[in-house]
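Heads up: the structure comes next, in structure tokens.
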Amino acid sequence: MRVFNTLTRRKEDFVPRDAGRVSLYVCGPTVYNHIHIGNARTFLSFDVIRRYLTYRGFEVTFVQNVTDVDDKIINKANEEGRSAQEVAEEYTAAFIDAMHALDIADPTERPKATEAIPEMVAMIETLIEKGHAYAVDGDVYFSVRSFPEYGKLSGRDIDEMNAGARVEVDERKQDPLDFALWKSAKPGEPHWPSPWGEGRPGWHIECSAMSEDILGRTFDIHGGASDLIFPHHENELAQSEAALGVPFVRYWLHGGLLQVNAEKMSKSLGNFMLLRDVLGTYSAPVIRLFMLQTHYRSPLDFSTHRLDEATAAYERLENLVRNLRWVRSLAVCGAGVPGDARQALEIALERTRSKFDAEMDDDFNTAGALGAIFELAKAANSFLSEYQSDMCEDDRQVLLHAEELIVELLGVLGIEVEEADASEAQWPREVVALATELAGFEGDEPAEAVDKLLEARQIARAEKDWARADAVRDGLAGLGFTIEDTAQGPRVIYEPKG
RNA sequence: GGCGACGUGGCCAAGUGGCAAGGCAGGGGCCUGCAAAGCCCUUAUCCCCGGUUCGAAUCCGGGCGUCGCCUCCA
């Protein structure tokens, strides 16, 4: 397995610290608002990475923090006249709900910054003792000059940065690039005790403290979006290595940014869409398919047009799984498919898995992996198309394997292929009235009513009474049923509306 | 200005030295009462120029264009 490491700017063989185990840390959100679809992309990318590592047999410990103390949260609370804690709690819950709605698996641990204050204070004390940090009027700053390797992650040179005009000048800092480890609390702000007085942690220190606390030193993978490389991850790296004296992280993975009209989606640009709003129109599997068709490190342009395309692509997969199930479910046994044709499909199954694995082994190339799945879709569809009427037991067994493989591999990508047919228990009672009207149905069961309607339609079709046949189909369509005439007879699919 | 990434068919996108995956859309055909689903066929001088090589989308140099980071940001 090879991964692209931001630190070395190369793909490297992935060798975890402890054989068979992977420690993974991904920066979570600052909870002052609902997350937008760009945030979601990053979390989705690492969800897939986590799922794939698990599929590959690694025992993955996945930690994602929640930043629940921060200037933005305080500002939001002030605007709304409530406490920072209330704001943080509301959006933490909303964040977790949104993750679930996108089928993103829960991390092993989801630590909150406010619950790790003592660990942060301890790390800051260590940094001061080692001469990497200094306290001024209740604030503590990290001394960038004390860490000669500062800039190695983002490929920057301190002196060139100093020359730039954009670095904030603060009289109390020894160097303009020094950043806050601890901020003294202003009245009304959340605060915790520390050796430097009441205050709160700076942004970067939480990840350093919590990752070490849970994952230990020199853990395997630290992830986030590429806009975190500088300054956030550069600062984390500097703090942790200065404090611990060992490498902080083995592999730094950074995802590409979501864009809108070729511009970064961000809250400051105002061009963002909330994940929860997108989920109102598009399902989680469709959003996932849309995003995973592009490599996680590449920029990805967001548009509803692209989501509509992904919807069509997803339906192709749904239809395939549905068709495989349909053909397998048929009771009659045909003449049997020629052995070489069946064997060819079996070989295609093996190739699909090996190609999927090879693509994912190569820096989590989900686009290539999806290509492998779609190639299998074509092979399976061709097989169905050619031999649908000939199937017998051995053939159905291969179809079952094909279905299981597709569901399994899509599952590694977190793309759920739903049971297309809702259970009969959910069928609307209105079909009873429809059956009574169009087919003289006298019973009370929706399932029986549908059978009666299908029967009536078949009779009408046999009599070439197309108007009557179509009235049944249209009537059922109005209730959410789709009728498809297959070589083996009509099939009904129910998908609740809305 | 500094650092970095990218430019592949109508749209999107994988591919980093050996006949250019895949998705969407379009066209033609098959199946079909119609429809749905599906199958078959069909569309690429890989941004431009120069170089290395038996061979380049892929490596090197130059150019043009786009984006990101350098300030909070997933």
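Only heavy atoms go into these numbers, but all of them, side chains included; no hydrogens, no water, no symmetry mates.
For C48(B) and G7(B), the C1' atoms lie 11 Å apart once the distance is rounded to whole Å. Straight-line distance between the P atoms of A13(B) and C47(B): roughly 14 Å, to the nearest whole Å. Going from the C1' atom of A21(B) to that of G9(B) covers 13 Å, rounded to whole Å. Annotation: C19(B) and C54(B) have their C1' atoms spaced 16 Å apart (nearest Å). Comparing the C1' positions of G68(B) and G51(B) gives a spacing of 30 Å, expressed to the nearest Å. Distance check on atom P: G10(B) versus C67(B) gives 22 Å, rounded to whole Å. Of the C1' atoms belonging to C59(B) and A74(B), the separation is 34 Å, rounded to the nearest Å. Nucleotides G26(B) and C64(B) have their P atoms positioned 39 Å apart, rounded to a whole Å.
Nucleotide G22(B) is matched to C12(B) when pairs are restricted to Watson-Crick or G-U wobble geometry with both distances under 3.5 angstrom. For U66(B), the paired nucleotide is A5(B), the pair qualifying as Watson-Crick or G-U wobble because both relevant distances are below 3.5 Å. Partner assigned to G61(B) is C49(B), using Watson-Crick or G-U wobble distances below 3.5 angstrom.
Arg288(A) has no carboxylate O lying under 4.0 Å from a charged side-chain N of Glu416(A), or vice versa, which leaves the two without a salt bridge. Between Glu206(A) and Lys112(A), none of the side-chain N atoms (NZ, or NE/NH1/NH2) sits under 4.0 Å from a carboxylate O, so this pair counts as no salt bridge.
For Asn365(A) against G15(B), a side-chain-to-base donor-acceptor contact under 3.5 Å is absent. With hydrogens and angles left out, the side chain of Arg491(A) and the base of A37(B) share no donor-acceptor pair within 3.5 Å. Between the side chain of Arg473(A) and the base of C34(B) there is at least one donor-acceptor pair of N/O atoms closer than 3.5 Å. A donor N or O paired with an acceptor N or O is not found under 3.5 Å between the base of C12(B) and the side-chain atoms of Asp301(A).
One finds no side-chain N or O of Ser226(A) lying less than 4.0 angstrom from the OP1 or OP2 phosphate oxygen of A74(B). Regarding contacts with the backbone of G23(B), every side-chain N or O of Lys378(A) stays at 4.0 angstrom or more from both OP1 and OP2. Listed pair Lys264(A) / C69(B) meets the phosphate criterion, a side-chain N or O lying under 4.0 Å from OP1 or OP2. The phosphate of A37(B) has neither OP1 nor OP2 within less than 4.0 Å of any side-chain N or O from Arg322(A). Considering only side-chain N and O atoms, Ser266(A) lies nowhere under 4.0 angstrom from the phosphate OP1 or OP2 of G68(B). Look at Asn319(A) and you'll find a side-chain N or O under 4.0 angstrom from OP1 or OP2 of G38(B).
The aromatic ring of Trp466(A) sits over the base of G33(B), with ring centres less than 5.5 Å apart and planes inclined by under 30°.
As a whole-Å value, the separation of Phe230(A) CZ from C72(B) P is 8 Å. Spacing between atom NZ of Lys152(A) and atom C1' of G4(B) amounts to 19 Å, rounded to whole angstrom units. Distance Leu370(A) CG to C24(B) C1': 14 Å, rounded to the nearest Å. Rounded to an integer number of Å, the gap from CZ of Arg306(A) to P of C11(B) is 12 Å. Atom CD of Glu375(A) is separated from atom C1' of A21(B) by 6 Å (rounded to the nearest Å). Put simply, OH on Tyr314(A) is 20 Å from C1' on C12(B), counting in whole angstrom units. In this structure, Gln388(A) atom CD and A36(B) atom C1' are separated by 13 Å, rounded to whole Å.
Under 3.5 Å, the side chains of Tyr387(A) and Arg342(A) contain no donor-acceptor pair of N or O atoms. Between the side chains of Asn319(A) and Arg316(A), no donor-acceptor pair is found at a separation under 3.5 Å.
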Check residues 464-482 of chain A and write down every donor-acceptor pair under 3.5 Å in which the side-chain atom is one partner and the other belongs to a residue at least two apart or another chain.
| residue | atom | partner | partner atom | Å |
| --- | --- | --- | --- | --- |
| Asp465(A) | OD1 | Arg468(A) | N | 3.3 |
| Arg468(A) | NH2 | Leu438(A) | O | 3.3 |

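Heavy-atom neighbours of Arg328(A) CZ from other residues, nucleotides or ligands within 6.0 Å: above the threshold of 12.
Judged by a 6.0 Å distance limit and a 45° cone about the ring axis, Arg156(A) is positioned over the six-membered ring of Phe230(A).
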